[in-house]
Amino acid sequence: MARITASVYSSHVPAIGAAIDLGKTAEPYWAPLFKGYEPSRRWMKDNRPDVIFLVYNDHATAFSLEMIPTFAIGTAAEFTPADEGWGPRPVPTVLGHPEFAAHIAQSVIQDDFDLTIVNKMDVDHGLTVPLNLMCGSPDAWPCPVIPFAVNVVQYPVPSGRRCFMLGQAIRRAVESYDAPLKVQIWGTGGMSHQLQGPRAGLINREWDNAFLDRLIADPEDLSKTPHIDYVREAGSEGIELVMWLIARGAMADVAGGAKPRVVHRFYHVPASNTAVGNLILENT
Ligand code: DHB
Ligand code: FE
């Protein structure tokens, strides 16, 4: 059977992608951020998965106000990096895993979660920047990736609780797949940031670090946080953090297994307008 070996949590910011693409990672502004991800990049090399199930959000790239799926699973064989206004990022095409993705869709939908199945989709910084942060800039990504897009852009957005329960259903789906795959599940986006309105630039270090503490120790309780708390405390775009609860819900302890091991934890401000968090939890 396939199994979830670890969960990874990481912010995304388009400016991080630009720093990589323009060779600015060693500049004083960016160096501490990339240094903070070094242990994660080493760990990725030593713990290469067979598949990454990557929970992220699209930023009006693949979807628009014309169509707003709450949860969308990418079942295509490949996903092209999107043109977000400055041309597509010079990063490898993302290869999918159609058979495994179709199995997960079947299992999760029959397990009462309504997913949108997407057979053609471009992927934006929400997906490519976490891949760069964790894997560097290789000629090809280390393994197939199943993109899983969550609407956290246009209200109504899904609750943290729904996301946490969905993670549990994804775990059941993975474990019912009859192939010995090592699967990592990634939750991306966040941490605190607000890009518009009078509170633009908002960062909340204390709240972010409490979120990390609770994500590790008591995700079930954390999942009860209402969306308005995210917006008030972590800014309008801080709501991206509900996606981390999908990854956390898929970990063994939530299903009665052992607590995960904290492999790496990192927090940094600022990256563009955003507080950046990175966490790796390994099933033991
Ligand atoms: C920024 C952060 C985001 O999450 C995003 O999607 C776009 C921009 C920023 O910090 O500039
Ligand atoms: Fe974003």
Side-chain angles (χ1 to χ4, degrees), residues 8-22 24-25 27 29-30 32-34 36-37 54-65 68-72 74 79 81-89 91 94 121-134 147-158 160 163 186-205 207-208 211-212 227 230-247 266-279:
V8 169
Y9 309 83
S10 175
S11 306
H12 67 234
V13 181
I16 295 175
I20 294 167
D21 301 343
L22 301 173
K24 294 184 172 178
T25 58
E27 289 187 359
Y29 181 86
W30 291 111
L33 171 86
F34 288 99
Y37 274 80
L54 206 160
V55 180
Y56 75 108
N57 70 292
D58 176 77
H59 300 76
T61 300
F63 307 116
S64 69
L65 291 180
I68 308 168
T70 303
F71 299 119
F79 305 90
D83 185 340
E84 300 180 56
W86 303 96
R89 291 195 58 219
V91 294
V94 176
M121 175 165 75
D122 289 350
V123 288
D124 70 12
H125 68 274
L127 183 130
T128 59
V129 164
L131 277 174
N132 278 131
L133 284 168
M134 294 298 298
F148 190 90
V150 179
N151 169 42
V152 286
V153 169
Q154 178 62 37
Y155 275 79
V157 299
C163 289
W186 292 16
T188 65
M191 297 195 84
S192 57
H193 62 302
Q194 171 144 346
L195 301 179
Q196 32 75 41
R199 295 202 313 163
L202 178 145
I203 298 286
N204 189 341
R205 291 170 189 262
W207 194 90
D208 286 339
F211 183 92
L212 288 167
H227 75 88
Y230 287 86
V231 176
R232 189 194 315 109
E233 301 296 334
S236 51
E237 278 65 46
I239 191 66
E240 289 177 345
L241 282 168
V242 293
M243 295 185 288
W244 293 31
L245 286 162
I246 297 181
F266 171 63
Y267 182 74
H268 176 78
V269 177
S272 185
N273 303 292
T274 309
V276 168
N278 178 217
L279 179 70

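Counting starts at 1 for both ligands and their atoms, following the listed order. None of the values given here were measured: they were computed from a predicted structure.
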Backbone of Val231 reached by a side-chain donor or acceptor of Ser236 within 3.5 Å: no
Which protein N, O or S atoms sit under 2.8 Å from the Fe ion (ligand 2)? His12 NE2, His59 NE2, Glu240 OE2
Return the residue, atom name and 0.1 Å-rounded distance of the protein heavy atom closest to atom 10 (O) of ligand 1. Thr274 OG1, 2.5 Å
Under the 3.5 angstrom rule, does the side chain of Glu237 hit a backbone N or O of Leu195 as a donor-acceptor pair? yes
Heavy atom of Pro14 under 4.0 Å from ligand 1? yes
At a 4.0 Å threshold, what atoms of ligand 1 neighbour a non-hydrogen atom of Glu240? 4 (O)
Provide, to 0.1 Å, the distance between atom 6 (O) of ligand 1 and the closest protein heavy atom, together with that atom's residue and name. His59 NE2, 2.7 Å
side-chain contact (heavy atoms from CB on, under 4.5 Å) partner of Val55, chosen from Leu245, Ile246, Val242, Thr188: Ile246
Does the ring center of Phe148 lie less than 6.0 Å from the ring center of Trp186? no
Where does the angle between the aromatic ring planes of Trp244 and Tyr9 fall among parallel (under 30°), tilted (30 to 60°) and perpendicular (over 60°)? tilted
Could you tell me whether the side chain of Ser11 and the main chain of Gly277 form a donor-acceptor pair under 3.5 Å? yes
Among all residues two or more places apart in sequence or in another chain, which pass the salt bridge (charged side-chain N to carboxylate O under 4.0 Å, His left out) test with Asp21? Arg89
Atoms in ligand 1 flagged as close to Val13, the criterion being non-hydrogen separation under 4.0 Å: 9 (C), 10 (O)
Among protein heavy atoms, which lies nearest atom 11 (O) of ligand 1, and at what distance? Ser272 OG, 2.7 Å
Looking only at heavy atoms of His193, does any of them come nearer than 4.0 Å to an atom of ligand 1? yes
Got Arg205 and Met191 here, is their nearest side-chain heavy-atom distance under 4.5 Å? no
Treating His12 as the side-chain partner and Ser10 as the backbone partner, does any N or O pair qualify as donor plus acceptor under 3.5 Å? no
